[in-house]
Amino acid sequence: MKILYAYRGWILGAMAGTMLALPGMPISDDWFDMLPLPTLCLIAFVLLRVQARRIIGEHTRGFSHDADRLVTEGVYSRIRHPLYLSNAGVGYAFVVLHFGFALVALAFVVALFAFEYLLSRMEDRYLENRFGEEWRTWATETPAFFPRLSGSGVGPSVGGQPATAREGSATGSAERSAKSPARRSFTAAFKADTSTWLWLLVMIAVVVGRKFLG
C-alpha cells in the first residue's frame, strides 16, 4: 500500500492522461450552461488547499509519511483531510469540464474519490500509530472530510504532506500555542504551491483548448 502513497502523483497523472485520451463533451450551449459548476468547484477547492497550506508549513512532496507534530488548528479543526478533499474536488471539476455529465464521467469520479479516500485511510493509520491517543481524540471530534454543522474540532496542526505531518489534537490552549508554528499569510501559502497552480493552468489549457481546436 505504501507504493500508492509514494507514487500518488504519478497515479493521478495517469488518470488525467486517460481522461484526456477519451473524447469529451463538445463545445455547445449545454457545455456553456454547465460551465459554472466546474468553475466554482475549482475556485472553492483551490481556496481550501491554500487554507490548508497556511497551516501545515513548508510545502513538501515526500515519498513516505512523516510528521513531527499533529496538526489540528485552522481548517484542520474542522476536517482531518482538507488536502485530499481539495484534490478530489479539483479532479471532479476537471472531469465535469471535460466530459460534462456523461456516464463515463461517473467512472472517473468514483475512481478518483476512492483513491483519495484510500490515501486518507493510510494517513489516518500512520498518524494513529505515530500519535496514539492524541490522534484518536482529535479524530473522534473531527470528521475526515465533511465538517459538522455545529460544534468545533479540537485545536492546532503541523506542516508537511497532505495531512500527515501536520495534524493533531488539543491538550490545552497554552501547549497548543507553544507547539504551533505561526500561520503563513494567504499569499505565502499560495506561492508555496506554485507548481500545483502551473499544473492546473496546463490542465485547463489542454481541456478547454482541445474543445475549441477540435
Can you list the residues that meet the side-chain contact (heavy atoms from CB on, under 4.5 Å) rule with A14, with sequence neighbours excluded? none
Output yes when a side-chain donor or acceptor of T142 lies under 3.5 Å from a complementary backbone atom of A139, and no otherwise. no
Mind checking whether R125 and W135 have side chains closer than 4.5 Å, heavy atoms only? no
Given side chains that start at C-beta, do those of T196 and V46 come closer than 4.5 Å, heavy atoms only? no
Quick check for you: to the nearest 0.5 Å, what is the distance between L119 atom CG and I11 atom CD1? 7.5 Å
Do the side chain of T137 and the main chain of E133 share a donor and acceptor less than 3.5 angstrom apart? yes
Would you please indicate if the ring centroids of F131 and W138 are separated by under 6.0 Å? no
Remaining members of L40's ILVMFWY cluster at a side-chain heavy-atom cut-off under 4.5 Å? none
Which heavy atom of K211 sits nearest to which heavy atom of G24, and what is that distance? NZ-C, 4.0 Å
Residue list, ring-ring contact (aromatic ring centres under 6.0 Å, His included) with F115, at least two apart or on another chain: none
Count I, L, V, M, F, W, Y as connected when their side-chain heavy atoms are under 4.5 Å apart, and connections chain through other members. Are L47 and L201 then in the same cluster? no
Is any side-chain heavy atom of T194 closer than 4.5 Å to a side-chain heavy atom of L198? yes
Heavy-atom side-chain proximity of N87 to R49 below 4.5 angstrom: yes
State the CG-CE distance between L118 and M122, to the nearest 0.5 angstrom. 6.0 Å
CA sep, side-chain torsions, deciding dist, call: F45, L85, side chain to side chain contact (heavy atoms under 4.5 Å, CB included): CA-CA 8 Å; F45 287 107; L85 179 59; 4.0 Å; yes
Shortest non-hydrogen contact from A189 toward R54: CB-CG, 3.5 Å
Hey, mind stepping through Q51 and F186 against side chain to side chain contact (heavy atoms under 4.5 Å, CB included) and telling me if it holds? CA-CA 7 Å; Q51 288 300 323; F186 184 94; 3.8 Å; yes
For the CG atom on D29, are there more than 12 heavy atoms of other groups (residues, nucleotides or ligands in this structure) within a distance under 6.0 Å? no
Could you work out, with ring-ring contact (aromatic ring centres under 6.0 Å, His included) as the rule, every residue matching W199, not counting sequence neighbours? none
Return all side-chain donor-acceptor pairs below 3.5 angstrom for residues 89-113, not counting sequence neighbours, or 'none' if the list is empty.
residue	atom	partner	partner atom	Å
H98	NE2	M19	O	3.2
H98	NE2	L22	O	2.9

Where P82 and L48 come nearest, the two heavy atoms and their spacing: O-CD2, 3.5 Å
Result for side-chain hydrogen bond (donor to acceptor under 3.5 Å, both in side chains) between Y84 and one of R121, E116, E123 points to E123
How about F212 and I27: do any of their side-chain heavy atoms sit closer than 4.5 Å? yes
For S28, which residues count as a side-chain contact (heavy atoms from CB on, under 4.5 Å) partner, sequence neighbours excluded? M25, D30, W31
Start with the C-alpha gap between S120 and F145, add the side-chain angles, then the distance that decides, and say whether side chain to side chain contact (heavy atoms under 4.5 Å, CB included) holds. CA-CA 10 Å; S120 74; F145 297 106; 3.4 Å; yes
Side-chain donor/acceptor of R184 to backbone N/O of R53, under 3.5 Å: yes
